[in-house]
Amino acid sequence: MALARLFALAALAFFGFATAAATRLAFRESKDVDPLPGEASIERGLAAERAGRFEEAERELLEGARLDHQYLPAWTLANYYFRRGQSGSFWPWAARSAALSHGDLGPLLKLSEGMASDPAAALERLQGSPRVERAYLDFLIGEDRLDAAQAVGRRMLARHSPEETPRLLDLVNRQIRAGHGADALEIWNGLGRFPRLDPAAGRLLTNGDLSTEPGGEGFDWRLPAVEGLTTRWRASRIEFAFSGSQPEACTLLEQALPSGRTGKRYRLIFEYSASGMPRPSGVHWMLDREEGPALEASEGWRTGEWIVTLHALTHLRLVYRREPGTVRAEGRVELRSLRLNTL
């Protein structure tokens, strides 16, 4: 399978260059444009390769690169050595192509994957700049290869800059959706946006004091948009205002929790008020399919708690569901000071 893929890539690369050469020639003739330095050598080299005269082909392509130090000759040589299976000669020209390219690096990364055993090795050989790393991460995510993307994300964390935060957060989100809690946690902690989570030490909750506005990314709180419900964050608290026209069931707030100790019990402690809410309020916590008791209607602040058992990567949600025999809620629920402690 790997050999068949390599041949397919080689054929694609050769066809692409034949087409590109013909396009450049047609453009030059139609516009009466002088040839670029080394272009004639490149065309002679490709023609010699098609005829099976490989020594001549290599000589002409190298001459083209000597005359023209731009992207095209380097890219042409990288493709030539890929087709010839000459790894030692491929990588210097591939690295030069990456350094000179101002466009899509995807085709070069596809070739590099045919020559390297893993993305980290390919990046080393390509002398991976931040731009190449970002392109490689995008490439791997686009192919839904999250294990390989994790290796690139780990490398990017070593010199993390704010410019890369959105890409790395996207990787965290994808790992969470895929159920890869440990991988998601590695990148999340590396970003350093919040105090480190440590399931082994019982530190599972992010932004429990709500001192930072929920960003909806990674292991932070997410506030879904719900028609008929107004959500407002203020430092250290969140307010949910029910208009009576909200859906009969909806999620108010949610957060992914990294894997806790298998079968370990935890106590969720929180402070809330539920002014003007029906009795029962219809607002309660859920941990995946496990459901806590409804919050009691209350004009003032009170403390609530719920004992839960954590296993693998899971989601903690505050939800509303209209209780039988009641109308849709019109009132306000406020929340603050959330903690999740081991028992």
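Excluded from the calculations below are hydrogen atoms, water molecules and symmetry mates; all remaining heavy atoms, backbone and side chain alike, are included.
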Is there a donor-acceptor contact under 3.5 Å linking the side chains of [X] and [Y]?
X: Trp93; Y: Ser89; answer: no
X: Ser275; Y: Glu299; answer: yes
X: Tyr136; Y: Glu113; answer: yes
X: Asp288; Y: Thr314; answer: yes
X: Gln246; Y: Glu227; answer: no

Under 4.5 Å between any side-chain heavy atoms of [X] and [Y], yes or no?
X: Ile187; Y: Leu157; value: yes
X: Leu223; Y: Ile238; value: yes
X: Phe240; Y: Arg232; value: no
X: Trp188; Y: Leu169; value: yes

Problem - Residue list, side-chain hydrogen bond (donor to acceptor under 3.5 Å, both in side chains) with Gln255, at least two apart or on another chain - result: none

Just list the side-chain donor-acceptor pairs under 3.5 Å for residues 99-108, sequence neighbours left out, or say none.
{"unit_1": "Ser101", "atom_1": "OG", "unit_2": "Gly103", "atom_2": "N", "d": "3.2"}
{"unit_1": "Asp104", "atom_1": "OD1", "unit_2": "Gly106", "atom_2": "N", "d": "2.9"}

Practice task
Scan for salt bridge (charged side-chain N to carboxylate O under 4.0 Å, His left out) pairs involving residues 192-208, sequence neighbours excluded, and state none if there are none.
Solution key: Asp198-Arg203

Below 4.0 angstrom, N of the basic side chain to O of the carboxylate: do [X] and [Y] qualify?
X: Lys110; Y: Glu143; result: yes
X: Arg174; Y: Asp170; result: yes
X: Glu133; Y: Arg159; result: yes
X: Glu58; Y: Arg53; result: no
X: Glu248; Y: Arg321; result: no
X: Arg332; Y: Glu239; result: yes
X: Glu323; Y: Arg279; result: no
X: Arg167; Y: Glu164; result: no
X: Glu213; Y: Arg234; result: no

Problem - Heavy-atom pair with the smallest gap, counting every atom of Gly228 and Ser243 - result: O-OG, 2.7 Å

Handout entry: Minimum heavy-atom distance between Thr206 and Asp220, given as atom pair plus value
Key = CG2-CA, 4.0 Å

Practice task
Determine, using ring centers only, whether Trp285 and Phe270 are less than 6.0 Å apart.
Solution key: yes

